[in-house]
Amino acid sequence: SSADATLSHRMLRYNALLGYRHKVGVWSVAVLLRPQAESADMTGSLEFRLPDGRLIHDFRFGVLRTWELSTEAVLNGPLNTLPMALLADAPPESARSIIERIDERLLRETTVPEAARLMASTSLLAGLRYDEETVDRLFLGVRTMNLLDPKILKDSSTYRMLERRIRLDEARSLLVRAAANRLGAPSEPQQAALERIEDHDRLVELFSKIETVSTWDELLGLEPLS
């Protein structure tokens with residue numbers, strides 16, 4: 001959903017590991033959900049050369065740009081890809097009609113739990129293109145949304161992961177803002193160290209130490225550069 005300079009390298013790693021595990025050729029595809037995920041290295045090729053220019057590795061992979069997909073093709077395709085229809089090439093003003101067509105197919109072609117799951121996914125992906133108020137309006141009265149038990153999302157590991165990630169991001173942002181007046185803005189290595197903290201309680205603990213330290217390195221327990 002966002003540009004990631006490490007994506008092509010990570011795809012090479014996953015490709016090699018899957019090929020090694022299953023002893024088969026593996027074709028990898030990067031699915032970019034919105035234009036903000038585009039980056040210069042998303043060419044479908046990752047080359048490694050020796051200093052003299054000799055090619056030692058040329059990893060090829062697919063790149064699927066969701067916003068270039070035909071909305072009609074997605075709407076008429078497999079059920080599991082229906083949630084991507086709102087991210088395809090149709091204009092924003094057609095969003096409500098797209099949701100209604102998804103709703104009709106889900107009610108007609110699948111079970112209640114599966115329809116609820118896919119419509120929840122559709123709503124989640126819609127947030128990549130539309131603001132919260134628009135999403136609420138677009139999905140108002142959609143029949144499969146009424147199938148959603150609030151506990152479906154609350155009990156979902158994906159929901160809990162997203163909720164945890166949001167709490168961590170908010171805590172980091174608040175920590176930087178609270179410490180900026182005393183310590184200034186963190187450097188890139190310091191910001192990277194902050195990003196590596198995956199414990200919310202640890203971030204909260206750092207708040208209490210802001211007034212007792214004089215540098216970001218001291219706050220984060222980093223070794224100062226000599």
So do the side chains of [X] and [Y] get within less than 4.5 Å of each other, counting heavy atoms only?
{"X": "Ser1", "Y": "Arg34", "answer": "yes"}
{"X": "Thr212", "Y": "Leu219", "answer": "no"}
{"X": "Val63", "Y": "Arg65", "answer": "yes"}
{"X": "Thr122", "Y": "Phe139", "answer": "yes"}

Give me each pair satisfying side chain to side chain donor-acceptor pair (under 3.5 Å) with a member in residues 86-96, each pair once, sequence neighbours excluded.
Thr71-Asp89, Arg96-Glu100
Just verifying a value: how many Å separate [X] [atom1] and [Y] [atom2], rounded to the nearest 0.5 Å?
{"X": "Ser28", "Y": "Leu18", "atom1": "OG", "atom2": "CG", "answer": "7.0 Å"}
{"X": "Ser39", "Y": "Leu32", "atom1": "OG", "atom2": "CG", "answer": "7.5 Å"}
{"X": "Asp199", "Y": "Leu206", "atom1": "CG", "atom2": "CG", "answer": "9.5 Å"}
{"X": "Leu183", "Y": "Leu220", "atom1": "CG", "atom2": "CG", "answer": "9.0 Å"}
{"X": "Leu86", "Y": "Ile98", "atom1": "CG", "atom2": "CD1", "answer": "5.5 Å"}
{"X": "Met119", "Y": "Ile102", "atom1": "CE", "atom2": "CD1", "answer": "6.0 Å"}

Would you call Glu114 and Arg117 a salt bridge, using N to O less than 4.0 angstrom?
yes
Under a 4.0 Å threshold between the charged nitrogen and the carboxylate oxygen, would Glu205 count as salt-bridged to Arg202?
yes
Examine distances only and state if a side-chain atom of [X] and a backbone atom of [Y] form a donor-acceptor pair shorter than 3.5 Å.
{"X": "Asn76", "Y": "Glu72", "value": "yes"}
{"X": "Arg172", "Y": "Leu194", "value": "yes"}
{"X": "Trp216", "Y": "Ala179", "value": "no"}
{"X": "Arg143", "Y": "Asp103", "value": "no"}
{"X": "Glu218", "Y": "Ser214", "value": "yes"}
{"X": "Thr134", "Y": "Tyr130", "value": "no"}

Output, in order, the C-alpha distance, side-chain angles, deciding distance and verdict of side chain to side chain contact (heavy atoms under 4.5 Å, CB included) for Leu106 and Glu104.
CA-CA 6 Å; Leu106 294 179; Glu104 290 172 4; over 6 Å; no
Please step through side chain to side chain contact (heavy atoms under 4.5 Å, CB included) for the pair Leu82 and Arg105, ending with a clear verdict.
CA-CA 9 Å; Leu82 283 178; Arg105 280 200 63 187; 3.9 Å; yes
For residues [X] and [Y], report the shortest heavy-atom separation together with the two atoms involved.
{"X": "Met11", "Y": "Gly62", "answer": "CE-O, 4.4 Å"}
{"X": "Gln190", "Y": "Asp217", "answer": "NE2-OD1, 3.1 Å"}
{"X": "Val176", "Y": "Pro186", "answer": "CG1-CD, 4.0 Å"}
{"X": "Leu125", "Y": "Leu33", "answer": "CD2-CD1, 4.1 Å"}
{"X": "Leu168", "Y": "Ile197", "answer": "CD2-O, 4.3 Å"}
{"X": "Ala171", "Y": "Leu203", "answer": "CB-CD1, 3.7 Å"}

Linking I/L/V/M/F/W/Y whenever their side-chain heavy atoms sit closer than 4.5 Å, directly or via other members, would [X] and [Y] fall into one cluster?
{"X": "Leu12", "Y": "Leu7", "value": "yes"}
{"X": "Val74", "Y": "Leu138", "value": "no"}
{"X": "Leu118", "Y": "Leu69", "value": "no"}
{"X": "Leu46", "Y": "Val26", "value": "no"}

Hey, could you give me each pair passing salt bridge (Lys or Arg N to Asp or Glu O under 4.0 Å) that has a residue in [range]? Not counting sequence neighbours.
{"range": "residues 47-60", "answer": "Glu47-Arg49, Asp52-Arg54, Asp58-Arg60"}
{"range": "residues 181-194", "answer": "Arg182-Glu211"}
{"range": "residues 122-142", "answer": "none"}

Phe61: ring pair (Phe, Tyr, Trp, His ring centres under 6.0 Å) partners, not counting sequence neighbours
Phe59
Parallel under 30°, tilted from 30 to 60°, perpendicular over 60°: which one fits the rings of Phe48 and His9?
perpendicular
Test of understanding: with salt bridge (Lys or Arg N to Asp or Glu O under 4.0 Å), list the residues that count as partners of Asp4, not counting sequence neighbours.
Arg10
Give the intermediate values and the outcome of side chain to side chain contact (heavy atoms under 4.5 Å, CB included) for residues Leu64 and Thr66.
CA-CA 6 Å; Leu64 189 154; Thr66 306; 4.1 Å; yes
Could Lys209 and Phe207 be counted as a cation-pi pair, given that NZ or CZ must be under 6.0 Å from the ring centre and within 45° of the axis?
no
Would Val31 and Met84 count as a side chain to side chain contact (heavy atoms under 4.5 Å, CB included) here? Give the steps.
CA-CA 11 Å; Val31 181; Met84 292 199 302; 4.3 Å; yes
